[in-house]
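What follows is a set of notes on a single structure, which appears directly below.
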Number of protein chains: 2
Amino acid sequence: MAQTMVREVRKEQSEDSVITLKDIARISGYSIKTVSRAIHDHPDINEQTKKQVMEIVERYSYSPNWAARSLRNQKTHTIGYVVPNITNGFFGEIGMIIDSYFRRLNYSTLICFTSHSLDNELDSLRSLMEKNVEGIIVAPVGSFEQWTDKLPKLRETPLAIIDNRFNDTSLDYILHDNEHGADLLVDHLVGHGHSRIACVTGPVQESSGFERLLGYKHGLARHGISVDESIVRTVEWEDINGGYSATLELMESHNKPSAVFYANSQLLLGGYKAFHALSMRIPQDVAVVSFDQPLVIDALTPRPTALEKVEKEIADTTARILHHKITGNAAKAPQEIRIKSTLAIGESCDCKI
Amino acid sequence: MAQTMVREVRKEQSEDSVITLKDIARISGYSIKTVSRAIHDHPDINEQTKKQVMEIVERYSYSPNWAARSLRNQKTHTIGYVVPNITNGFFGEIGMIIDSYFRRLNYSTLICFTSHSLDNELDSLRSLMEKNVEGIIVAPVGSFEQWTDKLPKLRETPLAIIDNRFNDTSLDYILHDNEHGADLLVDHLVGHGHSRIACVTGPVQESSGFERLLGYKHGLARHGISVDESIVRTVEWEDINGGYSATLELMESHNKPSAVFYANSQLLLGGYKAFHALSMRIPQDVAVVSFDQPLVIDALTPRPTALEKVEKEIADTTARILHHKITGNAAKAPQEIRIKSTLAIGESCDCKI
DNA sequence: CTGAAAGCGCTAACAT
DNA sequence: ATGTTAGCGCTTTCAG
């Protein structure tokens, strides 16, 4: 007891300056290394000593300097997450799940926004590389060659690609099963007797847009319905007004469709707006399906039929794969994982539920 | 020319290991400090030398080790952003704007989520403190005392509080002018001849919920309308279904309101759903206003009358204030800034536009 | 079980 | 104009 007190020799706390390991050592009277051992639960330390040290650590609410630790260990315990934006529900939710996954492992997530611009994407990747992040998750705008051209070090960084793939099979992709999903939805519409089904999708240069269109076409083909390109529209993703105008156009044609397949929720919302403007009722006058669910699905009337959310599964899978790559437990071969979804029946197709 | 070549003495690149300043020095034949000077555009360096060095820097795409630099400079060039979530349009947008503001200054933003839990908030703040962030922006769940109780160092960290204030005048707040905004909206409804106006707001323990309710009451009072507590509801923010149920309840009463003031966009969306379920038409059967605009406002029919978006102004102001605090150019006294908005007339109140 | 000392990569004071 | 060196805070051999 007296022993404990005796050891506290020097001044208690210099100023408002940050407490370092050295300070704790000075105050406790032990060496720097003993303190370090106490903090890291090293076996080679007397229980008594540890208790004394930890008490002081607590009292001064010491926490190790992260930069010093990173420098020393050559580990930043940080990953990057690079996406077009986060106000979009999809990337926002996935980001939050990935962050919480890695937070449990004591990793931090640096979130970067590209606004769909390749320059921003390159800047983000560069800044992440400079910070020596241990891995990066990207929903890509550019291509892998464009990246490594400017940032060769990226080749040696654990990477996981989501949302869109590119023509490089050396990478790990975690994606929607776009074709399967689109097929399910078209199938559903055909099941309701529709044969003239329009499609509003995103840019076909992106795999997600291309594959959803492909799924739509295959879905029709399986039922012997020929594709009419005049009722297929591609507009920007995340553009409610694109979906709106496309829908108005589609409905103006003399041989107008009886149903519309929207390849994402933004486009669907534009569709809802358009049908309202046209005084067309869903599902009585037109049937509607959406590839994914808008965040505000609970507020929509009628509730749209869409694929079940897969954000959780995509995020968890992506986090797990990236974590394995970081710790070196990765599968030998790069993987392309396709997350299948299921139909979530709503009221937009006149289903009796 | 020959001169240039001569100086490249040693092996080009050891392995795939990271290039350091020392490597560049070795390769270029100059000292470590000369290289550093070249990189930092220091005046004390020969233009020729600089050019040579920079060429090698480019070639090996060297970038400085961030941890080492932070350790040395005692500056992390990082700020924290702590909010309930980012799928919510409000915090997501503000986060993106703040990030881009600080990115321009070569700062990074660490985004943390609290999910409205005090424990998560404390964890987030702790992890940011451990990383020695230079400043933190928080949309708070807990109170300043609860924070500093566990994290005394927080008292010395530049802080900016958004969205909700607490009873501590020593801090900088950047907030909606909630009372003013609510007042404007109620005014608008009264102007349309409504006198029985319901209110659906968020938790009154939070200043935002409390103040919007206050603005509503003052608005009514100014017109000599007495407040009927039976048509005031408080539910959780971000709860479409709360807004939905509250609206259903309100409309069931025998003396039902002719208009509803929704204190945020989530609640409004619940209202839209409820009115649809009740087959009530907006604005013919009921008039509706919302404090803020939902992200999907373009998809809503009728377009709701709501306050103009102020995310940009809040975000810019917050970023500027925090930046000043970090660099020591802060105003002497803590500030409480109130951002006023204006009415954005929609179609939900039967305005002739 | 404990301590001394080197070094991670970078910067800045202090030479030269 | 250029080079030498100490040290930021931490971890980790290697001695005791």
Side-chain angles (χ1 to χ4, degrees), chain A residues 3 7 9 14 17-54 57 60-78 106 129-134 153, chain B residues 3 7 9 14 17-54 56-57 60-78 106 129-132 134 153:
Chain A
Q3 173 73 3
R7 279 194 165 274
V9 231
S14 42
S17 68
V18 184
I19 308 289
T20 73
L21 213 50
K22 210 199 274 181
D23 295 324
I24 302 290
R26 192 163 31 66
I27 296 166
S28 70
Y30 287 103
S31 83
I32 239 175
K33 182 55 202 173
T34 302
V35 175
S36 170
R37 269 193 274 258
I39 288 168
H40 294 306
D41 259 334
H42 195 91
D44 284 0
I45 188 173
N46 184 304
E47 271 302 319
Q48 263 307 315
T49 313
K50 184 155 103 188
K51 205 163 282 176
Q52 285 174 39
V53 171
M54 289 313 283
V57 164
Y60 290 86
S61 61
Y62 163 80
S63 67
N65 180 302
W66 186 77
R69 196 197 283 239
S70 296
L71 177 57
R72 176 62 236 228
N73 294 342
Q74 302 290 319
K75 292 236 148 66
T76 54
H77 266 236
T78 303
N106 270 307
M129 297 305 295
E130 284 176 5
K131 293 216 176 53
N132 292 313
V133 296
E134 297 180 29
K153 275 190 292 183
Chain B
Q3 173 74 2
R7 276 195 166 275
V9 230
S14 38
S17 68
V18 184
I19 308 290
T20 74
L21 212 50
K22 210 198 275 183
D23 294 324
I24 302 290
R26 191 164 30 68
I27 295 166
S28 70
Y30 288 103
S31 82
I32 228 175
K33 182 59 201 168
T34 302
V35 175
S36 170
R37 269 193 274 257
I39 288 168
H40 295 310
D41 258 333
H42 193 91
D44 284 1
I45 187 172
N46 183 303
E47 270 303 319
Q48 264 308 314
T49 312
K50 184 154 103 187
K51 203 162 284 174
Q52 284 175 39
V53 170
M54 288 315 282
I56 296 178
V57 164
Y60 290 87
S61 61
Y62 162 80
S63 67
N65 180 303
W66 186 78
R69 196 198 282 238
S70 296
L71 177 59
R72 176 64 235 225
N73 294 344
Q74 302 289 318
K75 293 235 148 68
T76 53
H77 267 237
T78 303
N106 270 308
M129 298 305 294
E130 284 175 7
K131 292 216 178 54
N132 293 313
E134 295 182 30
K153 276 191 291 183

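Chain identifiers are assigned alphabetically (A, B, ...) following the order of the sequence lines, protein sequences preceding nucleic acid strands; residue numbering begins at 1 within each chain.
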Give me the distances for all protein-to-nucleotides 7-11 of chain D N/O pairs that come in under 3.5 Å?
{"from": "D/dG7", "atom 1": "N2", "to": "B/Arg72", "atom 2": "NH1", "distance (Å)": "2.9"}
{"from": "D/dC8", "atom 1": "O3'", "to": "B/Gln74", "atom 2": "NE2", "distance (Å)": "3.0"}
{"from": "D/dG9", "atom 1": "N2", "to": "A/Ala68", "atom 2": "O", "distance (Å)": "3.4"}
{"from": "D/dC10", "atom 1": "OP1", "to": "A/Tyr62", "atom 2": "OH", "distance (Å)": "2.5"}
{"from": "D/dC10", "atom 1": "OP1", "to": "A/Asn65", "atom 2": "N", "distance (Å)": "2.9"}
{"from": "D/dC10", "atom 1": "OP2", "to": "A/Leu21", "atom 2": "N", "distance (Å)": "2.6"}
{"from": "D/dT11", "atom 1": "OP1", "to": "A/His40", "atom 2": "NE2", "distance (Å)": "2.9"}
{"from": "D/dT11", "atom 1": "OP2", "to": "A/His40", "atom 2": "NE2", "distance (Å)": "3.2"}
{"from": "D/dT11", "atom 1": "O2", "to": "A/Arg72", "atom 2": "NH1", "distance (Å)": "2.4"}

Flag side-chain contact, heavy atom, 4.5 Å: A/Asp23 against A/Tyr60: no
Contact summary for A/Asn132 and A/Thr76, nearest pair of heavy atoms: O-OG1, 2.7 Å
D/dT2 phosphate, OP1 or OP2, under 4.0 Å from B/Thr34 side-chain N/O: no
Whole angstrom value for the distance that separates C1' of C/dC10 from OH of B/Tyr30: 21 Å
Side chain A/His42, main chain A/Ser36, donor-acceptor under 3.5 Å: no
Side chains of A/Pro64 and A/Ile39 in contact at under 4.5 Å (non-hydrogen atoms): no
Where B/Ala67 and A/Leu71 come nearest, the two heavy atoms and their spacing: CB-N, 3.9 Å
Nearest-angstrom distance from the residue atom CZ of B/Arg26 to C1' of D/dT4: 18 Å
Sugar-phosphate only, base, or nothing, as touched by B/Thr49 at under 4.0 Å among non-hydrogen atoms: sugar-phosphate
Gap between atoms NE2 and C1', on A/His42 and C/dG3 respectively (whole Å): 13 Å
Heavy-atom side-chain proximity of B/Glu130 to A/Trp66 below 4.5 angstrom: no
Protein N or O to nucleotides 14-16 of chain C N or O, pairs below 3.5 Å:
none

Within-4.5 Å side-chain heavy-atom neighbours: B/Lys50 and B/Asp41: yes
Nearest heavy-atom neighbours spanning B/Glu134 and B/His77: OE2-N, 2.5 Å
